[in-house]
Amino acid sequence: MQNIEASYDKLGVANIIILDVPEEKIEKHPLFTVCEQLEYSLHLKHPMVHPLEGHVEPVRRFGRSDNTVKIYNLPKIIDGKSYREVAETNEAFEVHLDGLGSAGTVETIILFMDSAPLFGGFTFFYDMFSIGMALAETDKEAFRSLFLPNAFCAIRPRGKGAIKVTTPIFYINEDGKPQVFFRKNSGEYRMTWREDCPPLLRAKIFLEKYTEPFASGSYFAPFSKRGTMCISRNRDIAHGRLSFIDGEDSKNQRYLSRKWFMTHSHHAVYKHVPGIALRKDLRDLVPDQFGDDKLTGEWLYDQLTKENKRVK
């Protein structure tokens, strides 16, 4: 366990391979056995109970919920109405931090390979703070622009998780720690940057260059073997994956189990919001964007009005 802790502390990611994963489904998913041993050293104290954990489609496919979200290539229904998010396809999922709509409160993510694909699906990790510091050394004006409150806007346009989030790229979170919000266009996810700020557009070019697959300073886990597991710090370590090819045999079809651990117990209750949990004095500077009302409940993005509407 010391090696896992050291890797997480140094790199923000720990890559583990469990060799004796049972072939048959067991009551407790193997990732929880590891998490129990690391609960205090890695602060895995507040697991999120996500609505997708008991969704009817994965339950039909994989059996009764084991308290993880299943991620796999969901068969597409050609009816003009069905919607799959990019994570539910075998297409490349560009760089991102998990929890769009969670206000930046997903502290740690666990990914566990239950079944590996025939080929592909390499998952990449990027230390966004290191990339930001490299930018600061060459272009301080561009670096400072990343803290603008409306520097960046991410939109998931439709489906069960439709949301629009306007945010800085770098900010100080509610616990007084530096944090990152960064994504690239992927599937139907659309990212827009302020166009009236040349330093910010320079920062955009820099960040996008160093978050490509195999970019300098990145590292990856192949996820090519059952039992591969990654623990990643979601505050500053972004990740993405390449496309993959499933085989015809179910043993060569990729599916992951995912679990989120939150910063505090009150964030472990599901919410879907347009705000970001900045430090209180910073939130108070832009209450229309980061006020208390934007950090609670469940909101959905409306494509017609191009605004978020609270539904719960």
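This is a predicted model, so every value here is computed, not measured. Along the sequence shown, residues carry numbers from 1.
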Peer 1: Report yes or no: do Lys271 and Thr296 form a side-chain donor-acceptor pair below 3.5 Å?
Peer 2: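 Checked: Lys271/Thr296 side chains show no N/O donor-acceptor pair below 3.5 Å.
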Peer 1: Side chains of Asn173 and Gln179 only: does a donor on one sit below 3.5 Å from an acceptor on the other?
Peer 2: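 Side chains of Asn173 and Gln179: pair found under 3.5 Å.
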Peer 1: Would you list the pairs meeting salt bridge (Lys or Arg N to Asp or Glu O under 4.0 Å) in which at least one residue belongs to residues 190-207, sequence neighbours left out?
Peer 2: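 Qualifying pairs, neighbours excluded: Asp139-Arg202, Glu141-Arg202, Arg194-Asp196, Lys204-Glu208.
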Peer 1: Who are the side-chain hydrogen bond (donor to acceptor under 3.5 Å, both in side chains) partners of Ser243, not counting sequence neighbours?
Peer 2: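 Partners of Ser243 by the side-chain hydrogen bond (donor to acceptor under 3.5 Å, both in side chains) criterion come out as none, since no residue qualifies.
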Peer 1: Name all residues meeting the ring-ring contact (aromatic ring centres under 6.0 Å, His included) criterion together with Tyr8; count only those two or more places apart in sequence or in a different chain, and write none if there are none.
Peer 2: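 ring-ring contact (aromatic ring centres under 6.0 Å, His included) check on Tyr8 returns nothing, list empty.
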Peer 1: Who pairs with Asp302 by side-chain hydrogen bond (donor to acceptor under 3.5 Å, both in side chains), at least two apart in sequence or on another chain?
Peer 2: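 For Asp302 the side-chain hydrogen bond (donor to acceptor under 3.5 Å, both in side chains) partners, ignoring immediate neighbours, are Lys309.
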Peer 1: Not counting sequence neighbours, which residues clear side-chain hydrogen bond (donor to acceptor under 3.5 Å, both in side chains) with Ser65? List them please.
Peer 2: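 Checked Ser65 against side-chain hydrogen bond (donor to acceptor under 3.5 Å, both in side chains); zero matches.
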Peer 1: Can you give each donor-acceptor pair under 3.5 Å made by side-chain atoms of residues 44-51, sequence neighbours left out, with the distance rounded to 0.1 Å?
Peer 2:
unit_1	atom_1	unit_2	atom_2	d
His50	ND1	Leu52	N	3.1

Peer 1: Considering only Ile, Leu, Val, Met, Phe, Trp and Tyr, and joining two whenever side-chain heavy atoms are under 4.5 Å apart, list the other residues clustered with Ile155.
Peer 2: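 Answer for Ile155: Tyr301.
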Peer 1: List in chain and number order the residues that pass side-chain hydrogen bond (donor to acceptor under 3.5 Å, both in side chains) with Asp288, two or more places apart in sequence or in another chain; answer none if no residue qualifies.
Peer 2: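 So Asp288 forms no side-chain hydrogen bond (donor to acceptor under 3.5 Å, both in side chains) with any residue.
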Peer 1: Kindly give the cluster partners of Phe125, where membership spreads through any ILVMFWY side chain lying under 4.5 Å from a current member.
Peer 2: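 For the cluster that includes Phe125, the remaining residues are Leu11, Val13, Tyr219, Ile237.
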Peer 1: What pairs meet the salt bridge (Lys or Arg N to Asp or Glu O under 4.0 Å) rule with one or both residues in residues 29-44, with sequence neighbours excluded?
Peer 2: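 Sorted result for residues 29-44: Lys28-Glu36.
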Peer 1: Look at the aromatic rings of His266 and His264 and report parallel, tilted or perpendicular, splitting at 30° and 60°.
Peer 2: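 It falls in the parallel class, under 30°.
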Peer 1: By the salt bridge (Lys or Arg N to Asp or Glu O under 4.0 Å) test, which pairs, at least two apart or in different chains, include something from residues 99-111?
Peer 2: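 Every candidate salt bridge (Lys or Arg N to Asp or Glu O under 4.0 Å) pair involving residues 99-111 fails, so no pair, neighbours aside, qualifies.
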Peer 1: What pairs meet the salt bridge (Lys or Arg N to Asp or Glu O under 4.0 Å) rule with one or both residues in residues 252-270, with sequence neighbours excluded?
Peer 2: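 As it turns out, the salt bridge (Lys or Arg N to Asp or Glu O under 4.0 Å) pairs with a partner in residues 252-270, which skip direct neighbours, are Glu53-Lys259.
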